[in-house]
Structure formats: structure tokens, C-alpha cells
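The shown structure was predicted, so the numbers you read here are calculated from the model rather than taken from an experiment. In what follows, chains are A, B, ... by sequence order, proteins preceding strands, each numbered from 1.
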There are 2 protein chains.
Amino acid sequence: MTAVETLTYPDPADALDLASRATDRDALVTLVGTCTVEYEGRAASSLGLGDRHVMLKPDGAALVHTDEGQQPVNWQPPGCEHSVSVDDGSLVVRSTRSSPEESLEVVFEMVAHAAAFDVTDSKDLALTGTEADLKDRILDEPALVESGFTPLATERETPAGAVDIYGEDAEGRTTVLELKRRRVGPDAVGQLGRYVDALKRDLHAETEVRGILVAPSVTDRARQLLAEKGLEFVSLEPP
Amino acid sequence: MTAVETLTYPDPADALDLASRATDRDALVTLVGTCTVEYEGRAASSLGLGDRHVMLKPDGAALVHTDEGQQPVNWQPPGCEHSVSVDDGSLVVRSTRSSPEESLEVVFEMVAHAAAFDVTDSKDLALTGTEADLKDRILDEPALVESGFTPLATERETPAGAVDIYGEDAEGRTTVLELKRRRVGPDAVGQLGRYVDALKRDLHAETEVRGILVAPSVTDRARQLLAEKGLEFVSLEPP
DNA sequence: GACTGGATTTCGAGT
DNA sequence: ACTCGAAGTCCAGTC
């Protein structure tokens, strides 16, 4: 973090100067003020006057935050081109991209604060408790699923997609596991069902294929669906 | 937007003063600086030293942004309690909630900028191009799906969940539509299949039930699944 | 509170 | 570029 540049209640011209220089040198820009926001692209939206926090990232991402919610009220993904200008005496931020064609326009009636930050980040997030961790746990100790279960492959391809864990049970029957790190609904059952059906077809006819959903818990509807499709459930959490 | 309060390269004590007063009066707080981040809750994560932008919203949401990506590298959902303190000479931000028990801790090695904003927002976002718009389009002009199609209900409940549009075709056959605003994969076919199966069961035995997926387009795998399940596809986009 | 499905989902991996 | 599925998904609506 080398430089910080800020302006409080700047003129549009001064805010423009700060913002355009900052985006040119790939700094992080924040603008807080009263503005309207228009978006058009995959969908289209219009947002009336209000106080918002606008962040322009050097990778092309743009975020418009209100005082509520974890999600931005409007945004643009990384890879966009930011442009800042003064139109009719108002500071205007445009962020656009092609494929798909999308544009975001923020028009400030008033800028309360403008800032530029030269940030650097190694970004080495270590996350645990994911589905991958659950997979490792099972591969380490397959008996957690069922005594005699033997994993043979992970991410095994089927015509319906890749199976999380592919193996066989104590009797040598083909057994596929679909893993979920948290409580699951009907969608996960559908997924497992597709894999089992595809494998049955692939391995030709009479081969019995067991499908086991491994997750901390399931909803009622999911349990019912499992029963209908002759699939099984084993309760297990990520470590 | 009444007040803006900012500090550049503040002492931890001054930053603490600004931040704690701001959270007390439900202002939006931003802190930019070099920090580490620890999270524990549904999962757990650890993030080493780097420059980040931290936002604390009055509704309890917390966001930690790096210079890259649309998504925050760490966060806390609305409803959390923010607390700011100075520990061992470092500014520390904690954001916690219960059910589920989750905590986020940001420890600043250096604060480059601290700010508080008293923002207000009516938040009247008008969004178009959604699935709801596609639904309206079909209800306005059912022939877009198929000549003779007659919608009878929307969100009709089945044992497998609510069907987007329920109706009958020119021959009086029960027909259910699953709508998607954009290109779809196998999951949407599974959804439609579940509704059709549930209705067949519900309406008792021999009743034929048609299932039509309405979306701009489908992937190959989805098309294959549709064929397997005897379901249909109509290409249509939101207005 | 739990459940269900949409979302301008985003993100990453594989092809 | 496209497909597919995970995600600490978030979020609204409903029960």
C-alpha cells in the first residue's frame, strides 16, 4: 500500500481528475455520493436517486453498494473497461464490456467522497470445510461411508457428467457417491440419479449400480425422492 | 447524505474512535489497509497479510474486498454484530452472528484510510429481463409457446414443488412449463421431470402430462436428457 | 425457523 | 468460448 489519495465533497472536475488518474495507474477507486444507476446487458435495471458506495477495481470489476445487503445493488464483472467523465456538470462512471455486451452507468448528483488506493494482495486464501475436504475425508477412511466400500476413482466421467467418487461395495457392486458439504434438497438427488442412470446404461444392462448421497442431512422432499429412485443416503460432514 | 468523516493513515486509536462512533450511529464504515482475515463458521478460512478494503454496513453485513474479483474474499451476512477494538496496538474488526455461529476477524497491521458515511437509500431497483418477465410474456401471448396452449395457473403446487406455468394444450392435455431466462443445462430438465412425474402420480395413472422447457436455448446434455424423459423444448427469451 | 428455487448468480476447472 | 457443478453462495417468497 503505497499511496492514498482522497477528496471530500469534491467538485465533479476534481473527482474526475482523481478517478481518471487512479484508473489509469490501476488503483482501486471508491466514490461515495448521491447517484442514479442504469444497467443494460444480460438483463436491464434502473435505480433512482440514492446514496451509494461505488468501487472500481483495477481488474475491471465495478460494484455499487447501498447501506443494506451483502450483495451489490448493481455491478459489473471483472474484465470491464471503466471510464469516468463529467457530463452536464455531473460526474459519470461508465463500465462496459462486450461478449456479452453490457454497460453500467452511474450518474452522481453529488460526490461526497472520492478516493484512490494503490493496493497489492498476494491473495492466498486457505479455505477448509469444502466438498473437497469431505472427499479427502472419505478417501482417507472409506468405512465412514460403509464398511467394505472401496473408492476406485474420483471425478470419473459418465455420459451425464463426472461422479464425485466411484467405487464398489463389499459385494463388489458398482457404487457411486455424490458429496455435498451441507444439507441438500431435491436437486442433489436429481444429480445422483442422473449419474446412476448413465452408469447403468454405460455398464450395460443388468449391472446393479448403487447411488449414495453423502451429506450432513437431507430435506424431507429429498429423502422421498431418494426412496423413489432407490438411492441411499449416508450422513457425513466435512472435517 | 449528511455527514462524511475520514482519516488518512490514522493511529489505531483514532481509527477506532471513528469506526466505533460510526457503527453506533448506523453509518457505513470503510477501512482500507494492510490486514489479515480469519473466518470461522459454516466453513473456515485464513487469509494472510495484504491490502484490502473492508466495508461495515449498518445492517450488519461486512465485506472484505481485494483488488480483484467481483466477490469479496471474505464477508459476513447482514444481521451480524460489528465490534471494533485495538488489540496489541492493532485495529481489529470483529463481526459475529449466531445461528449459525460465525465470526470474522480482521486485524490491521496498518490502516491507510478510515471513513464513515451517513447514507440513505430508497432502494427502488427496477429490474427487467428476469424469469418473471418471461412468465408475463407467455401469459400475455400463450401462442408463443404453442398454438392452442392455455395457461390455467402459475406456481401451481405439486408434491415436487411449484410449477412455473400449468395449463393445457389444444387437445386438452395437461401441460406444464418450466421457464428459464437463459440457456439451461441438465438441472432444469431434472426440475421439469420431477414436476411432470409428480403430476402424473397426482392426477392418477393414465393421464398424459406434457412437460415443456421454455428457455433461450439448451446445452447438448440437456437436450439429450429431454429426449430420454420425453420432455419438450421451446426457444423463447424474456422480452 | 426450514424449504425451495431464482440469480445480470460468480467462480473455477476441464475440454 | 462453452459446459458443468460448487459455493461460507445470497436472496425472496412461502409455509
Asks: Do any side-chain atoms of residues 66-75 of chain B form donor-acceptor pairs under 3.5 angstrom with protein atoms, and if so which ones, sequence neighbours left out?
Replies:
residue, atom, partner, partner atom, Å
B:Thr66, OG1, B:Glu68, N, 3.2
B:Thr66, OG1, B:Glu68, O, 3.1
B:Asn74, ND2, B:Ser45, OG, 3.1

Asks: Taking atom types as modelled and ignoring hydrogens, do the side chains of B:His82 and B:Ser95 form a donor-acceptor contact shorter than 3.5 angstrom?
Replies: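 Looking only at side-chain atoms, B:Ser95 and B:His82 do form a donor-acceptor pair, the distance falling under 3.5 Å.
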Asks: If you measure only the distance, is there a donor-acceptor pair under 3.5 Å linking the side chains of B:Lys180 and B:Gln191?
Replies: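 Their side chains do contain a donor-acceptor pair, which is all the 3.5 Å distance test asks for.
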Asks: Evaluate A:Glu38 against A:Ser46 for side-chain hydrogen bond (donor to acceptor under 3.5 Å, both in side chains), listing each step before the verdict.
Replies: CA-CA 5 Å; A:Glu38 304 290 324; A:Ser46 185; 2.8 Å; yes
Asks: Would you tell me whether B:Arg183 and B:Ser217 have side-chain atoms, one donor and one acceptor, within less than 3.5 Å of each other?
Replies: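 Yes.
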Asks: Measure from CZ on A:Arg183 to P on C:dG1 and round the result to the nearest Å.
Replies: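 The distance from CZ of A:Arg183 to P of C:dG1 comes to 15 Å, rounded to the nearest Å.
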Asks: Atom CD of A:Gln224 to atom P of C:dC3: distance rounded to whole Å?
Replies: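 My rounded result for the distance is 14 Å.
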Asks: Within the 4.0 Å limit for protein heavy atoms, which parts of nucleotides 6-15 of chain C are touched? Write it as a string from 5' to 3', B for base, S for sugar-phosphate only, - for none.
Replies: SSBSSS----
Asks: When all nucleic acid strands are considered with a 4.0 Å heavy-atom cut-off, which category describes A:Ala61: base, sugar-phosphate, or nothing?
Replies: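 No contact.
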Asks: In whole Å, I'd like the distance from the CG atom of A:Leu177 to the P atom of D:dA6.
Replies: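 In whole Å, D:dA6 P lies 14 Å from A:Leu177 CG.
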Asks: Under a 3.5 Å cut-off for both distances, is D:dA12 Watson-Crick or wobble paired, and to whom?
Replies: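 The answer is C:dT4, by the H-bond criterion.
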Asks: How long is the line joining CG of A:Leu134 and C1' of D:dG8, in whole Å?
Replies: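 Atom-to-atom, A:Leu134 to D:dG8, this comes out as 15 Å.
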Asks: Rounded to whole angstroms, how far apart are CD on B:Glu155 and C1' on D:dT14?
Replies: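 It works out to 11 Å between those atoms.
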Asks: At under 4.0 Å between heavy atoms, what does B:Ala188 touch on the DNA or RNA strands: base, sugar-phosphate, or nothing?
Replies: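 No contact at all - B:Ala188 keeps every heavy atom at 4.0 Å or more from the nucleic acid.
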Asks: Without hydrogens or angle criteria, can the side chains of B:His65 and A:Lys57 be said to hold a donor-acceptor pair below 3.5 Å?
Replies: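 Yes, side-chain donor-acceptor contact under 3.5 Å.
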Asks: With distance as the sole criterion, is a donor-acceptor pair present between the side chains of A:Glu102 and A:Tyr39 under 3.5 Å?
Replies: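 Yes, because at least one side-chain N or O of A:Glu102 sits under 3.5 Å from a partner of the opposite role on A:Tyr39.
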Asks: Which whole-number value in Å describes the distance from B:Asp187 CG to D:dT9 C1'?
Replies: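 From B:Asp187 CG to D:dT9 C1': 15 Å.
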Asks: Quote, to the nearest angstrom, the P distance that separates D:dC4 from D:dG8.
Replies: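 Roughly 22 Å separates the two P atoms.
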Asks: When you compare C:dT8 with D:dT14, how far apart are their C1' atoms, in angstrom units rounded to a whole number?
Replies: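 That atom pair is separated by 25 Å.
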